[in-house]
Amino acid sequence: MITLGIESSCDETAIAIVANGKLLASSVSSQHDVHAKYGGVVPELASRRHMETIAPLLEHTLGKAHLKLANIQGVAATFAPGLAGALLVGLTTAKGIAFAHNLPFIGVNHLEGHINAVHLEYQGIPFPHVVLVVSGGHTSLYEVKAFGSYQLLGATRDDAAGEAFDKVAKFLGLGFPGGPHLEKLAALGNPKAFRFTRPKFNDDSAFDFSFSGIKTAAALAFERTADKTEQMKADLAASFQDHVVQFLTDRLFSAAAHTQAKAIVISGGVAANGHLRETVARPATVAKLPHFIPSRHLCTDNAAMIAYVGEQYLIRGKRSPWSQNAVASAEVGV
Amino acid sequence: MNKREIPSLEEMHAQGTTFAQSLQPGTVVALVGPLGAGKTSFVTGMAKGFGINAAAVVRSPTFTLINEYHGRLPLYHFDFYRIDQVAEIERLGVVEYFEGQGISVVEWADKFPEIMPKQTIWIRFEIMNAQTRVIYITPPSPSYLKRG
């Protein structure tokens, strides 16, 4: 089967083609010279940008895969969660293509995409496994019992980890996106220079996260330091990053132990963080727990993961109705 | 102007809950203040006031730009932190939300005061120390004052 996937839930327009679980081509608007066609002045966060981008991006992606629209056998698009206006652009395009070419159509939850992106690179990851989806918009832990069978174990109660990275990077005067810049600065700093405390939850929530408190503590520590030297900024970045990474890692391994997982997976934009990758590797080796982290282009928002999940459902005979609408908020595994 | 000192996170939640219970459908609320001043925590409390299971659902909308929660009244939770141009807000359809029957609450609203309706209730957050925050409400809603 050859499946087209479309993703437009937030800032990125993305299109990919997957054939029987293998990635043929994947394009993301921000990484592509489609911008140049519009003079480089493209509104950042608008559904209009998705509309302007989607047709040339489709053509470009088909070209990369050496395919024509007539070769496509199934169509998938993100239907949730995200901005309704943005989602509708991808969803309507996908439905239009499927309807016009008489192809099966399926709507895919963006989070289910992140949970499964790893399968495009690694075969035979054992079930059950635990997935940490960690990005600018999400920080959630799932138990995956089989394809399509998910249990949400915990999630952030306030800010996502990637959002905290971006906000700390901003007050440190670093560029956007904050994550990579903060990681670079942190490499020059002492991770023990500043101490942060972990959030305590009153109720039973062993796998929930919170990053608002540590973001605030870092901001206050920065405000209070009179002499804001480059070394002080590097120390603060290193201490903040280490605290967040240790928190994520501890939660991930206790979730793995709790569910008797046979593997762990990290996905989402923050999975590109080198300190997180290193920190997770050590206990994974000790616990003899195989761990899998997809490449950066599959961790950040992309359509390959949407095409993958869509194809798996289409192969299993599942379809979405033409009436499938965009849904702003929809968790997986609750 | 109504000034309140908020000594803890729990109290910030409680203030949000009490405030929410005083609101009429269609109210727009603007939240202003530095990072970590308690804006999202206040909204968590507001959601509880509308009968929404707050701990489970209220998350920062910085990345998603708009979060919607459905309780006794729909609560639309916006964040302008990541937005650079007023045109982007217009394209998001924010004004249509403002004109609806739900409660709209906007973090970092002072970035684009020109698009906020005249009747907006403005709440300013200040950080006094690690625990304590101060909030100023303009204009104070009469029923909120009564509840103390």
*Ring-face cation of B:R82 near B:F63 (centre distance under 6.0 Å, axis angle within 45°)*: yes
*Please flag which part of A:K167 lies under 4.5 Å from any non-hydrogen atom of chain B: side chain, backbone, both or neither.*
both
*asked:* Taking the six-membered ring for Trp, are A:F165 and A:F211 closer than 6.0 Å centroid to centroid?
replied: no
*Report the residue from A:V270, A:L248, A:I115 that forms a side-chain contact (heavy atoms from CB on, under 4.5 Å) with A:L132.*
A:L248
_Shortest non-hydrogen contact between A:L91 and A:A326, atoms and distance_ = CD2-N, 3.5 Å
_Segment of B:I127 engaging chain A (4.5 angstrom heavy-atom cut-off)_ = side chain
*Among A:K215, A:E223, A:K170, A:R224, which has the most heavy-atom pairs under 4.5 Å with chain B?*
A:K170
